[in-house]
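Read the structure below first, then the notes.
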Amino acid sequence: MGRLIKWLKEKLTSFFRKKGDTVTAIQIFDEHGETVADLSTGLTKIIWTKELTTIEPEFSVKTDIYEGQKLFALREYYGTCGSNDYEGDYVSYINGDTVTFAPLGKAYIGRPCQVKLMIGVCE
């Protein structure tokens, strides 16, 4: 029975798997409709994510990037509005192929949160 379930899982996974890279575009406009930032000119993709349930101390993530690629970091609060969870303000520092995430409030380390940290790459 275990082999059958494993085989079925592999077949379903391969059936729904997308072929190739998925292109993502991020465009930011000012109040006059002028483009402020445009990450849609090249291939942009998320290469690393981490969901936090408690605020963690500063940590770094080393990534593999190719020449000409640029890293960017994002923070997303995915908790419910009015939740008692701390929103988890993190600041990110990018140095070459390494991204460091640090909480803004050291006093909040260990508090519950619902935060997703992401690293992306664009060409």
Side-chain angles (χ1 to χ4, degrees):
M1 188 65 152
R3 284 190 207 159
L4 177 62
I5 292 173
K6 182 178 178 182
W7 178 84
L8 185 59
K9 182 179 176 183
E10 288 173 0
K11 291 299 175 192
L12 287 173
T13 302
S14 68
F15 180 72
F16 290 107
R17 187 176 299 136
K18 293 181 180 177
K19 304 289 187 220
D21 291 324
T22 303
V23 177
T24 306
I26 298 173
Q27 295 177 316
I28 301 171
F29 302 95
D30 66 8
E31 61 273 2
H32 305 292
E34 300 294 322
T35 304
V36 176
D38 186 359
L39 297 177
S40 63
T41 56
L43 181 64
T44 304
K45 61 183 174 179
I46 303 297
I47 59 172
W48 178 92
T49 63
K50 182 175 185 176
E51 291 185 13
L52 302 177
T53 55
T54 59
I55 300 297
E56 296 182 5
E58 181 177 311
F59 63 94
S60 296
V61 179
K62 185 172 174 50
T63 61
D64 294 324
I65 59 172
Y66 300 105
E67 185 176 332
Q69 290 182 322
K70 304 273 191 243
L71 290 175
F72 62 91
L74 303 168
R75 179 198 61 88
E76 178 68 31
Y77 173 71
Y78 64 92
T80 56
C81 189
S83 170
N84 288 333
D85 291 341
Y86 177 63
E87 290 189 13
D89 287 332
Y90 274 82
V91 63
S92 57
Y93 305 99
I94 299 173
N95 186 9
D97 62 353
T98 303
V99 179
T100 300
F101 292 98
L104 284 180
K106 305 283 189 219
Y108 293 109
I109 293 174
R111 277 187 69 181
C113 71
Q114 294 178 341
V115 174
K116 180 180 257 187
L117 301 174
M118 296 170 270
I119 299 174
V121 64
C122 58
E123 296 176 348

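Position 1 is the first residue of the sequence; numbering continues from there.
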With sequence neighbours excluded, residues passing side-chain hydrogen bond (donor to acceptor under 3.5 Å, both in side chains) with Thr100: Ser60

Who passes side-chain hydrogen bond (donor to acceptor under 3.5 Å, both in side chains) against Thr53, sequence neighbours left out? none

Gap between atom [atom2] of [Y] and atom [atom1] of [X] - 0.5 Å precision:
X	Y	atom1	atom2	answer
Arg111	Ile55	CZ	CD1	8.0 Å
Asp89	Arg75	CG	CZ	5.0 Å
Phe72	Ser92	CZ	OG	11.0 Å

Residue list, salt bridge (charged side-chain N to carboxylate O under 4.0 Å, His left out) with Lys116, at least two apart or on another chain: Glu51

Check side-chain contact (heavy atoms from CB on, under 4.5 Å) between Lys50 and all other residues, then give those that pass, not counting sequence neighbours. Trp48, Leu52, Glu56, Phe59

List the residues meeting side-chain contact (heavy atoms from CB on, under 4.5 Å) with Thr63, not counting sequence neighbours, and say none if there are none. Ile47, Val61, Ile65, Leu71, Asp97, Ile119

So which atom in Pro57 and which in Ile109 form the shortest heavy-atom distance, rounded to 0.1 Å? CA-CD1, 3.9 Å

Taking all non-hydrogen atoms of both residues, which atom of Ala102 and which atom of Glu58 are closest, and how far apart? CB-OE1, 3.6 Å

